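Here is the structure we will look at.
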Amino acid sequence: ECLRQRFDAHAEAMLPVIDEASIEFMVNARVPVSPLAMGHVPIDLDVFPMDNSGTRKEGVSMTYQGREGYSPIAGYVGNEGWCVACELREGKQHSQNEFRYVLERVIPRARRLTELPLLARMDSAHDALENRAGCTEADVDFLIKWNPRKQRIEDWLAYAEAMGVDIDTAALRVFSNAEGAYGSNVNMLVDSSAFGDEDELADAYEARKSFAYGRDGKAAQQGALLQ
């Protein structure tokens with residue numbers, strides 16, 4: 001009990017040191033961080049419920065799976081799944097609670113492991129404006145899982161016909177650069193004040209980020225769909 005109290009008393013000072021040591025170890029070990037076929041390195045972020053039934057640990061409460069436990073948020077990088085963050089949370093919290101905080105910590109850690117573009121992959125519970133804004137501000141592409149349980153395939157077919165495209169084109173959700181190109185260059189334009197108005201920034205973003213990736217992993221310019 002005395003050791004636990006000492007850890008609690010110094011936790012805030014110890015956590016940054018532990019976090020840095022973990023990333024520094026991976027950097028020094030030159031761990032392999034392989035990308036997807038499209039060239040992006042995935043960042044997977046999600047909540048996983050723990051089963052701590054029958055314990056009296058602080059923060060243990062009912063998770064969304066109906067068990068007493070915690071609901072940590074973890075962040076993994078690369079196809080290898082290197083864990084770069086794992087934030088312990090009370091079990092009863094909504095999955096989105098504190099998620100932006102974890103996202104902001106994971107992105108710079110991932111960039112220390114790779115210079116390739118990043119693709120944040122999130123569950124449907126994290127379909128929130130703050131997550132979209134966080135990824136956009138950090139120039140990170142993102143993919144948020146769609147929950148189709150309440151959707152009808154007939155509606156999507158009708159949408160595809162109205163758009164004059166096939167079902168695969170109508171379902172495109174990942175937009176990024178052309179293969180081999182990285183970044184939107186919007187930050188560079190803002191930092192150098194090299195633009196006349198906000199429309200120029202929007203045009204620059206669209207020109208760089210209007211390439212859609214479909215099921216085959218190939219990029220095709222789809223400016224109209226992006227709009």
Side-chain angles (χ1 to χ4, degrees), residues 3-4 6-50 70-89 95-123 125-126 128 130-145 174-192 208-209 211 213 217 219:
L3 180 61
R4 178 184 173 183
R6 290 179 181 177
F7 277 135
D8 288 343
H10 299 285
E12 290 188 8
M14 293 172 62
L15 281 174
V17 176
I18 295 172
D19 285 343
E20 174 60 24
S22 177
I23 299 300
E24 186 176 357
F25 172 81
M26 285 188 265
V27 172
N28 292 336
R30 297 181 180 179
V31 297
V33 181
S34 59
L36 302 167
M38 62 191 289
H40 287 61
V41 169
I43 301 177
D44 293 306
L45 302 105
D46 201 5
V47 174
F48 65 95
M50 299 174 60
Y70 296 105
S71 293
I73 301 176
Y76 306 93
V77 175
N79 284 326
E80 295 78 9
W82 300 107
C83 185
V84 296
C86 189
E87 305 295 333
L88 190 65
R89 308 180 314 145
S95 295
Q96 178 58 23
N97 193 29
E98 300 181 15
F99 192 84
R100 174 72 182 268
Y101 165 74
V102 177
L103 179 65
E104 291 175 346
R105 297 182 68 188
V106 166
I107 291 174
R109 295 176 187 178
R111 287 205 164 115
R112 291 184 60 183
L113 298 176
T114 179
E115 296 181 352
L116 294 174
L118 302 174
L119 175 67
R121 302 190 295 194
M122 297 166 276
D123 192 58
H126 308 297
E130 61 176 333
N131 296 337
R132 296 169 182 263
C135 289
T136 301
E137 292 166 5
D139 202 16
V140 171
D141 295 313
F142 60 90
L143 177 64
I144 301 177
K145 180 181 177 182
V174 179
F175 289 85
S176 186
N177 299 87
E179 293 184 46
Y182 309 119
S184 64
N185 291 348
V186 171
N187 290 343
M188 296 173 58
L189 292 174
V190 173
D191 291 341
S192 62
R208 298 280 294 182
K209 293 291 188 178
F211 292 83
Y213 285 80

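This structure is a prediction, so every number in the text was calculated from the model and none was measured.
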Check: What pairs of residues pass the ring pair (Phe, Tyr, Trp, His ring centres under 6.0 Å) test when at least one of them lies in residues 95-114, not counting sequence neighbours?
Finding: F99-H126
Checklist line | Min side-chain heavy-atom separation R89-Y70 under 4.5 Å | finding: no
Item checked: Residues R100 and E137 bridged, charged N to O under 4.0 Å -> yes
Next item on the list: Would you indicate whether the side-chain heavy atoms of F48 and S71 approach each other to under 4.5 Å?
Entry: no
Margin query: Taking R112 first and then E24, would you say they form a salt bridge - that is, a charged N and a carboxylate O separated by under 4.0 Å?
Written below: no
Item checked: CA sep, side-chain torsions, deciding dist, call: T136, F142, side-chain contact (heavy atoms from CB on, under 4.5 Å) -> CA-CA 8 Å; T136 301; F142 60 90; 4.0 Å; yes
Next item on the list: Kindly indicate whether the side chain of N131, heavy atoms from C-beta on, has any atom under 4.5 Å from the side chain of M122.
Entry: yes
Note to self: Looking at S22 and I18, would you say the former's side chain and the latter's main chain have a donor-acceptor pair under 3.5 Å?
What the structure shows: no
Check: Roughly how far apart are R111 CZ and L116 CG, rounded to 0.5 Å?
Finding: 11.5 Å
Checklist line | For V140 against L118, the heavy-atom pair lying closest together | finding: CG1-O, 3.7 Å
Margin query: Under a 4.0 Å threshold between the charged nitrogen and the carboxylate oxygen, would D19 count as salt-bridged to R109?
Written below: yes
Next item on the list: Kindly give the heavy-atom pair with the smallest separation between A85 and V102, and that separation in Å.
Entry: CB-CG1, 4.4 Å
What pairs of donor and acceptor atoms, side-chain ones from residues 74-83 against any protein atom, are under 3.5 angstrom apart with sequence neighbours left out?
| from | atom 1 | to | atom 2 | distance (Å) |
| --- | --- | --- | --- | --- |
| N79 | ND2 | P35 | O | 2.7 |
| E80 | OE1 | S34 | N | 3.1 |
| E80 | OE1 | S34 | OG | 3.4 |
| E80 | OE2 | S34 | N | 3.2 |
| E80 | OE2 | S34 | OG | 2.7 |
| W82 | NE1 | P32 | O | 2.7 |

Note to self: A side-chain contact here means heavy atoms from C-beta on lying under 4.5 Å apart; do V84 and R105 qualify?
What the structure shows: no
Margin query: Any heavy-atom pair between the side chains of L36 and V41 that's under 4.5 Å?
Written below: no
Notebook entry, point to check: Do M26 and V33 have side chains that get closer than 4.5 Å, going by heavy atoms?
Noted result: no
Next item on the list: Considering non-hydrogen atoms only, spot the tightest contact between D123 and I144 and give its length.
Entry: O-CG2, 3.7 Å
Margin query: The test is side-chain contact (heavy atoms from CB on, under 4.5 Å); show your working for L45 and I43 and say whether it passes.
Written below: CA-CA 6 Å; L45 302 105; I43 301 177; 3.6 Å; yes
Note to self: Is any side-chain heavy atom of C135 closer than 4.5 Å to one of L103?
What the structure shows: yes
